[in-house]
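Nothing here was measured: the structure is a model prediction, and the numbers come from that model.
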Amino acid sequence: MAVCYFEVTDPQGKVRLTKTDSMCSVPEGTDPAEFGRDFLDAPDNAGWTCRVWIQDGVLPTPDGEPDAVVTA
């Protein structure tokens, strides 16, 4: 298993879900962009953005660039 962190912002750029609050386990090999698209796959999410980080283990919350950035 790998660990996924993601951050969700609304169309105005306000963070609605933080990396710390969103940590979850995902199967190894999970595509970060596909994860973001699946997470935002709802009509109400138009204009929202999901930034995704996937790591091999529970490490400190990632600070670097995300592995994928997806906007609905």
Side-chain angles (χ1 to χ4, degrees):
M1 292 302 277
V3 177
C4 178
Y5 293 88
F6 55 102
E7 177 181 88
V8 179
T9 54
D10 67 17
Q12 290 74 40
K14 183 174 182 179
V15 175
R16 297 299 184 154
L17 183 63
T18 67
K19 291 183 281 188
T20 305
D21 293 334
S22 68
M23 186 182 88
C24 62
S25 294
V26 294
E28 288 187 31
T30 296
D31 180 308
E34 185 177 329
F35 179 91
R37 283 190 298 273
D38 288 347
F39 186 81
L40 293 175
D41 186 24
D44 294 348
N45 291 336
W48 288 60
T49 300
C50 184
R51 291 167 180 78
V52 182
W53 294 261
I54 295 182
Q55 303 183 150
D56 290 332
V58 178
L59 303 170
T61 305
D63 291 328
E65 291 296 313
D67 297 318
V69 177
V70 178
T71 300

Would you check if the side chain of Ser22 reaches a backbone N or O of Phe6 as a donor-acceptor pair within less than 3.5 Å? yes
Distance-only criterion, 3.5 Å: show the donor-acceptor pairs between side-chain atoms of residues 35-45 and protein atoms not counting sequence neighbours.
residue: Asn45; atom: ND2; partner: Leu40; partner atom: O; Å: 3.3

Testing the basics here: between Ala33 and Ala68, what is the closest heavy-atom pair and its distance to 0.1 Å? N-CB, 3.5 Å
Just jot down the salt bridge (Lys or Arg N to Asp or Glu O under 4.0 Å) partners of Arg16, sequence neighbours excluded, or say none. Asp10
Asp67 and Ile54 have their tightest heavy-atom pair at OD2-N, 2.7 Å
For Pro62 and Gln55, work out which heavy atoms get closest and say how close. CB-OE1, 3.6 Å
When you compare the side chain of Pro66 with that of Val52, does any pair of heavy atoms fall below 4.5 Å? no
Considering non-hydrogen atoms only, spot the tightest contact between Ala2 and Glu28 and give its length. N-CG, 4.1 Å
Shortest non-hydrogen contact from Gly64 to Trp53? O-NE1, 3.0 Å
Once you round to the nearest 0.5 Å, how far does CD of Glu7 lie from CG of Leu17? 8.5 Å
